[in-house]
Protein chains: 4
Amino acid sequence: MAGSVNKVILIGNLGRDPEVRRLENGGIVANFPMATTESYTDRSTGERKEITDWHNIVVWRGLAEVVEKYVRKGTKLYVEGRLKTRSWTDKDGNTRYTTEVLADNLTMLSRADNNSSSYNEPNYSNQGTPSAPSPIETITSPDYPATNTGNELDDLPF
Amino acid sequence: MAGSVNKVILIGNLGRDPEVRRLENGGIVANFPMATTESYTDRSTGERKEITDWHNIVVWRGLAEVVEKYVRKGTKLYVEGRLKTRSWTDKDGNTRYTTEVLADNLTMLSRADNNSSSYNEPNYSNQGTPSAPSPIETITSPDYPATNTGNELDDLPF
Amino acid sequence: MAGSVNKVILIGNLGRDPEVRRLENGGIVANFPMATTESYTDRSTGERKEITDWHNIVVWRGLAEVVEKYVRKGTKLYVEGRLKTRSWTDKDGNTRYTTEVLADNLTMLSRADNNSSSYNEPNYSNQGTPSAPSPIETITSPDYPATNTGNELDDLPF
Amino acid sequence: MAGSVNKVILIGNLGRDPEVRRLENGGIVANFPMATTESYTDRSTGERKEITDWHNIVVWRGLAEVVEKYVRKGTKLYVEGRLKTRSWTDKDGNTRYTTEVLADNLTMLSRADNNSSSYNEPNYSNQGTPSAPSPIETITSPDYPATNTGNELDDLPF
DNA sequence: TTTT
DNA sequence: TTTT
């Protein structure tokens, strides 16, 4: 369909370590919850309050491998993706819906907190090298299923 | 919390007329489903396919009144807002979750299709004046509960 | 560099027909100006006013070919891209700067107005078939120079 | 005009300390350059390269005061705003154009680097308390000149 | 002119 | 369940 846009932009922190699954067909997918928090002033009391929203993030393929290596509970991320609601059947036979953010662009804005994960590779958080740079960069997944114009890229970077 | 962003940008079409409710405390809220559709090529068959995603849009206060007046099944909208998942209890006592897009900025990109709604005011769709301009403009809700800097605005438009 | 985002989202109308150039190396590039307009109320007079901002849009490769075929003065577009300021030397030898929006995603939200361009192919605007659907869809350019994860895509559009 | 969107989203670092000016009419405005950097692979050499783009950010009123207090050379920021090109006359009488990002939403993603500014208040960077939390939060400017629906906000953060 |  |  022409003329449609479905875009989500989030900056927030992971609520727990990602879950990574490898599928029979060779696919790899990672899931994690991410919190965004907004502040506002309660107008009846004048108090400062916060509201946290939780988002289910799903990443496939190469991005999932990046997540598996570098992203942990507490990591602050920029996530760009699109909304997708999938249906499933619960134990009572009812159709249920879960809305997820299918990420196609991630940027790490902080390392994870240092004591969050028990299965980090040693030199990531257990050895306490918090100032060591992470090798991660902004990673963009192939735009799928978006239409790809299929043009060869030349060497000029624009 | 500092450093959080929760933003959704959609362009799509309403799946049905909005539902508008007036609350006891004077509030007004409108809900409607909105479809976004993406095209992709099935790599096994080479066929062109489409996927439609549905989104629950919620608008409050002045935006809800605009929606009530001008937005109908079939209308193409630009929606900017934030993701919010609310929980509720179903008939079996289970906690269920519904994710909605809480809109704070709407722009009408088309009039509704002309045969969608039976309760339109006459000169909106029934009288068939498809080229008449809609009085709607981009409407922005007060950023709430975002922090408001509370500064007085002067007359200079920047 | 890790952790950088440069994103522009515009909805507006073309101020004139696109200029399309084919380069010696086979590249193709299209340029056009696009207007966005915002309304506000002048606080001293209470009058409703409008401000129009003009943006220089640049598109390369396959997107440029789409623009050449379907986009005209007056067309309403959704443009997603990134900001880029390039420098050049004017006739007096001074360095000057021009900021452009390098588009990597376009969606046509309307056809061009019907009397804008004299070189449209006949059945586009001259023959007056304003209700004929345009063949354009959302077209995404390959993300370049963004890092590509290079993963093979499977057939599941999840 | 109805149906227009002009939105910029950037994450990057300040190239120098902000310049803050107080106007005769009581207004306050801050300007600073901000860098975004993207990586790509040179296809002829296979080398990893980077391109940095520079953006002129302008903030008014309360946001300018926040910038004056907390933002410094090196600070990593999330900036949301809109594009605006203003014209001016250079010393040779030529009309020149400068494109700026007029920010209406800022989020600090890092403190400034610790040795950048000589006029920080002592406990900000000079005393070297890099883990002390900054009081900044996401600050949103009143949406101006966007249409404001003018509704009173109630206490429920929906 | 930033940052990693 | 995160973060400040």
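Here is the naming used below: chain letters follow the sequence lines, and residue numbers restart at 1 for every chain.
From D/Leu102, atom CG reaches atom CG of C/Asp53 across 9.0 Å, with rounding to the nearest 0.5 Å.
One atom, CG of A/Asn31, and another, C1' of F/dT1, lie 15 Å apart when rounded to the nearest Å. If you measure from atom CG of A/Leu10 to atom P of F/dT1, you get 21 Å, rounded to the nearest angstrom. One atom, NZ of D/Lys49, and another, P of E/dT3, lie 23 Å apart when rounded to the nearest Å. Atom CE in A/Met34 sits roughly 15 Å away from atom C1' in F/dT4 (whole-Å rounding). For the pair D/Leu109 CG and E/dT3 P, the computed distance is 15 Å after rounding to whole Å. Separating the CG atom of A/Asp53 from the P atom of F/dT1 is a distance of 17 Å, rounded to the nearest angstrom. Rounded to whole angstrom, the span from the CD1 atom of D/Ile57 across to the C1' atom of E/dT3 amounts to 15 Å. Atom pair A/Tyr70:OH and E/dT4:C1' shows a separation of 14 Å (rounding to whole Å applied).
Considering only side-chain atoms of D/Glu50, the nucleotide from F/dT2, E/dT4, E/dT1 that sits closest is E/dT4. Closest contact between the side chain of D/Lys73 and the listed nucleotides E/dT4, F/dT2, E/dT1 involves E/dT1. Side-chain proximity of D/Ala35 to E/dT2, F/dT1, F/dT2: nearest is E/dT2. Nearest nucleotide to the side chain of A/Asn13, out of F/dT2, E/dT2, F/dT1: F/dT2. Comparing F/dT2, E/dT2, E/dT1 by their nearest atom to the side chain of A/Trp54 picks out F/dT2.
Taking D/Arg16 as the reference, nothing meets the side chain to side chain donor-acceptor pair (under 3.5 Å) condition, with sequence neighbours excluded. When the side chain to side chain donor-acceptor pair (under 3.5 Å) test is applied to D/Glu80, the partners found at least two apart in sequence or on another chain are B/Lys7, D/Lys7, D/Tyr78.
Side-chain atoms of D/Thr52 come within donor-acceptor range of the base of E/dT2, with a qualifying N/O pair under 3.5 Å. Taking 3.5 Å as the limit, the base of F/dT2 and the side chain of A/Thr75 contain no donor-acceptor pair of atoms between them.
No side-chain heavy atom of C/Val58 sits less than 4.5 Å from a side-chain heavy atom of C/Arg86.
Side-chain atoms of A/Thr85 and B/Trp54 include no donor-acceptor pair closer than 3.5 Å.
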